[in-house]
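For reference, the structure is listed below as structure tokens.
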Amino acid sequence: MLGTLRRFGVSSVLRASAPRTLSTRWASQLPKVQALSASSVLTRSLHSSFPKFSAAVAQESTETEPSQKIEKFAELGEQGFIDSTIIKNITHPSRMNLETMTEVQSMTLREIVKGDDVLAQAKTGTGKTLAFLLPTLQNILNDPGVDVSKVGRYSRTAPSEIRALIISPTRELAEQIAVEAKKVAFGTGLIVQTAVGGTQKRSGLMKIQREGCHLLIGTPGRLKDILSDPWTGVSAPKLNTLILDEADRLLDQGFAPDIKEIQGFLPDPSKIDRQTLMFSATVPREVMSLVRQTLKPGFQFVQTVREDEVPTHHRVPQKVVWMRGLENGMPAVLEIVKNYQARRANGEDLRPFKAIVYYNSTAETKCAADAFNNLRRSYDVGTTPLGELKMLEINSRLTQADRTRSAESFRRSPSGILFSSDVTARGMDFPDVTHVIQVGVPRDTETYIHRLGRTARAGKEGEGWLLVHKGEDVCFRSRLGRIPIKEDTASLPAAWADMSQQATDSSATSETVSQMKAAMAAVGPTHKIKSYMGQLGTIIGNFSSKRFAIEVLNKQFVDGFGMESPPQIAPRVAQQMGLGKIPGVNIGTGSRRMMEENDSSSSGGFSRGGFSRGSDHGFSRGGDRGSFSRGGDRGFPRGDRGGFSRGGDRGDRRGGFSYGERRGDRGDRGDRGSSRGPRRALEGLDF
DNA sequence: AAAAAAC
């Protein structure tokens with residue numbers, strides 16, 4: 001277990017009398033406040049798992065000015081505290097061109113150089129990456145065992161010289177961190193390498209073997225792969241620093257086992273003392289016990305987010321718009337674009353429109369990207385406000401090459417729209433994003449916060465939009481009730497248009513709706529079916545009843561996608577989801593066949609409503625991998641899908657009687673009478 | 001049937 005790896009750290013004295021059972025291991029320690037340094041900033045040494053601990057330290061003055069001393073990078077060099085080459089890389093105008101440290105950077109620097117374990121929470125876009133890279137690279141330089149000298153132009157570093165490992169939840173984020181690390185390390189002789197999935201394993205390994213490695217950055221799967229394989233020659237016998245970026249994500253259900261396994265491949269911390277660093281903008285209370293088990297007792301908890309504050313930016317106006325139907329989502333997005341472009345054309349001093357549109361499933365991103373591409377083609381490219389916008393798409397079902405291309409293209413582009421799944425939700429730094437638009441209630445509070453954080457970075461402005469079906473208002477309130485989101489009932493009439501009717505007037509909104517309808521009609525039927533099924537999986541519990549949810553999805557399929565009738569759901573799937581007796585559910589196996597036929601005759605055959613055919617590359621191929629459970633349930637007895645449901649949210653348990661019941665929202669509901677307390681803490685403070 | 005992440 002994670003905890004055992006940490007038990008022999010610095011505080012082994014404290015550990016000696018601790019009970020060995022997991023549940024009580026840390027509970028015997030007393031709370032202790034170590035530092036409370038600024039009105040808006042907290043640093044604490046955590047020893048406690050006692051609830052209500054935060055009350056003891058909540059003595060900061062309520063309002064304002066960050067009394068934290070402003071620190072310059074240059075001073076760190078003058079003091080001889082940080083290597084002069086590193087400082088030059090950071091400060092030189094032709095390089096990173098940074099002058100002053102951000103709060104999180106200056107609050108964690110000395111702790112990390114000292115060797116303490118640190119959990120740091122700071123808002124999105126405030127320089128967390130540099131906060132852990134700078135001291136970590138300095139620590140490697142300080143290590144007397146590290147030789148950065150060269151023979152000619154060749155490094156003498158071996159692949160077994162890895163001193164620090166950084167784990168990231170996504171490939172693109174790992175690459176982004178590596179780019180920044182190489183900038184900081186330039187000219188120091190320190191070697192930075194990456195290990196992520198979707199790339200040639202062999203060539204990556206050869207590069208590490210040839211050049212050596214001090215700092216390795218990667219994603220869980222590939223790291224596990226190469227560290228567990230003795231043939232790779234890549235090992236980390238001298239590793240003394242482990243960094244979890246987006247730590248709460250890496251410690252949640254999906255990733256924790258991988259992280260645990262990776263820790264098992266690292267040197268025994270009782271033999272080689274290891275520093276562990278965790279960074280994130282969100283630290284929900286659910287992960288705190290895992291944090292405590294993974295960090296040394298007495299670790300520093302640095303927060304630059306005030307206790308009573310939700311970790312979103314006050315700079316970002318956030319709006320929620322209620323939609324009449326799910327089919328109104330795309331017209332509403334189009335209306336946001338048009339409204340903004342009209343204001344720009346009117347002479348308002350606005351930056352070029354650069355937006356990320358988030359969906360909860362990959363298939364939705366595909367449908368939206370295809371539809372907007374259809375629409376864009378119908379404009380005269382480059383001459384109209386919409387035609388000049390680049391339409392891009394990114395999700396995990398694309399090939400890695402396409403993912404990289406989209407991300408790079410969006411990063412470089414001054415304007416455009418990126419239709420994205422949650423691959424880009426965390427950590428990604430696309431410069432100058434003006435809008436973050438989220439369609440549908442995000443799966444949890446943290447997801448909302450991180451997506452929103454793709455805008456208003458590094459002191460810039462931005463705006464946040466959330467488009468939600470009116471029937472999801474209860475779900476919205478329970479999941480996002482504490483976030484300062486304002487209702488906007490005026491800006492987007494397209495969100496409330498009745499799309500079952502052909503518009504008779506000639507208003508701008510009617511035009512927007514009919515344009516979008518035509519563009520959606522031309523999207524391939526396979527994508528529409530997958531979108532329906534994808535949404536089925538994510539939103540059914542958001543509505544007050546399954547019947548209601550099905551009705552809403554069917555309406556989108558017909559009135560929005562322009563399809564004849566709702567897609568067929570396989571009987572077994574329907575039963576699994578407790579949809580067997582729900583009115584409106586179209587039970588049958590026709591959808592699969594339809595998609596397979598459509599996929600195999602790849603160049604169409606379906607009418608595409610006057611638009612040129614959208615490119616199908618990548619998606620349909622990848623789509624076969626996991627969706628629609630082809631062979632996915634082989635080996636499981638019927639009705640037991642091996643941990644498919646998280647427990648408690650399957651409606652079919654009670655013989656299909658599920659009408660009116662609602663899913664538990666992963667415990668963040670507050671009306672369940674559970675012993676977990678009223679709700680999870682956004683700030684991670686009131687644990 | 002629903003993000004992500006290894007071949």
Side-chain angles (χ1 to χ4, degrees), chain A residues 167-174 195-202 204-205 218-229 231-232 246 248-259 261-262 358-366 394-398 400 403 420-428 438 440-444 446-448 450-451 529-542 546 549-550 553 567-579 585 587 591-592 595 622-623 625-630 632-633 641 643-646 649-652 663 666:
Chain A
I167 310 179
S168 148
T170 65
R171 298 165 182 176
E172 285 77 9
L173 181 56
V196 300
T199 58
Q200 290 274 324
K201 183 182 166 189
R202 248 181 73 91
L205 281 172
T219 44
R222 181 56 64 87
L223 287 173
K224 244 171 49 179
D225 189 11
I226 65 171
L227 290 171
S228 64
D229 181 356
W231 297 98
T232 63
E246 308 296 347
D248 56 325
R249 176 73 187 88
L250 291 175
L251 293 176
D252 86 7
Q253 282 244 297
F255 275 125
D258 285 352
I259 303 305
E261 213 177 312
I262 290 169
Y358 283 104
Y359 292 92
N360 291 326
S361 65
T362 57
E364 286 173 88
T365 71
K366 165 58 69 184
I394 190 165
N395 64 57
S396 68
R397 292 266 162 101
L398 297 177
Q400 190 53 42
R403 280 170 62 164
S420 180
S421 69
D422 285 321
V423 249
T424 68
R426 283 176 177 258
M428 293 306 295
Q438 310 193 35
V441 184
R443 52 179 40 76
D444 50 47
E446 291 73 33
T447 299
Y448 174 87
H450 287 276
R451 287 166 165 185
I529 295 167
K530 287 181 178 175
S531 172
Y532 180 100
M533 298 306 285
Q535 288 179 86
L536 195 58
T538 59
I539 71 169
I540 203 156
N542 294 357
K546 287 178 179 169
I550 290 292
L553 280 168
Q568 294 193 342
I569 301 173
R572 215 145 67 97
V573 175
Q575 207 214 359
Q576 195 98 40
M577 299 179 76
L579 297 173
V585 176
I587 295 182
S591 288
R592 167 96 78 86
M595 288 191 298
R625 260 188 306 186
S627 35
F628 303 99
S629 69
R630 173 188 298 168
D633 46 1
R641 304 270 298 235
F644 212 64
S645 77
R646 267 191 299 268
D649 59 358
R650 250 165 51 181
D652 56 338
R663 196 168 62 180
R666 267 187 28 189

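Letters A, B, ... mirror the listed sequences (proteins, then strands); counts begin at 1. All values below come from the heavy atoms of this structure, side chains included, with hydrogens, waters and symmetry mates left out.
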- Base, sugar-phosphate, or nothing: which does A:Arg403 touch, judged by heavy atoms less than 4.0 Å apart? sugar-phosphate
- Query: At under 4.0 Å between heavy atoms, what does A:Asn360 touch on the DNA or RNA strands: base, sugar-phosphate, or nothing?
  - Reply: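 Result for A:Asn360 = sugar-phosphate.
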Over how many whole Å does the gap from [X] atom [atom1] to [N] atom [atom2] extend?
X	N	atom1	atom2	answer
A:Asp258	B:dA6	CG	P	8 Å
A:Ile539	B:dA1	CD1	P	16 Å
A:Glu261	B:dA5	CD	C1'	13 Å
A:Glu172	B:dA3	CD	C1'	13 Å
A:Ile550	B:dA1	CD1	C1'	11 Å
A:Lys201	B:dA5	NZ	P	18 Å
A:Leu398	B:dA5	CG	P	11 Å
A:Leu223	B:dA6	CG	P	8 Å

- Message: Looking at A:Arg249 and B:dA3, is any side-chain donor or acceptor paired with a base atom of the opposite kind under 3.5 Å?
- Response: yes
- Message: Between A:Gln400 and A:Val196, is there a side-chain heavy-atom distance shorter than 4.5 Å?
- Response: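 A side-chain contact under 4.5 Å is absent here.
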Identify which nucleotide among [options] has an atom closest to any side-chain atom of [X], counting heavy atoms from C-beta outward.
X	options	answer
A:Gln576	B:dA1, B:dA4, B:dA3	B:dA1
A:Thr538	B:dA5, B:dA2, B:dA1	B:dA2
A:Thr219	B:dA6, B:dA4, B:dA2	B:dA6
A:Ser396	B:dA3, B:dA6, B:dA1	B:dA3
A:Val573	B:dA1, B:dA6, B:dA5	B:dA1

- Task: Taking salt bridge (Lys or Arg N to Asp or Glu O under 4.0 Å) as the test, write out the residues that go with A:Asp248, two or more places apart.
- Result: A:Arg426
Using a cut-off of strictly less than 4.0 Å, decide whether [X] has a side-chain nitrogen or oxygen near OP1 or OP2 of [N].
X	N	value
A:Thr362	B:dA2	no
A:Ser421	B:dA4	yes
A:Arg171	B:dA6	yes

- Residues at least two apart in sequence or cross-chain that pass ring pair (Phe, Tyr, Trp, His ring centres under 6.0 Å) with A:Tyr532, listed by chain then number, are A:Phe557
- Answer yes or no: is there an ion pair linking A:Asp229 with A:Lys201, defined by an N-O contact shorter than 4.0 Å? yes
- Query: Is the backbone N or O of A:Thr362 less than 3.5 Å from a side-chain atom of A:Ser421, with the two atoms forming a donor-acceptor pair by type?
  - Reply: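 A pair under 3.5 Å: no.
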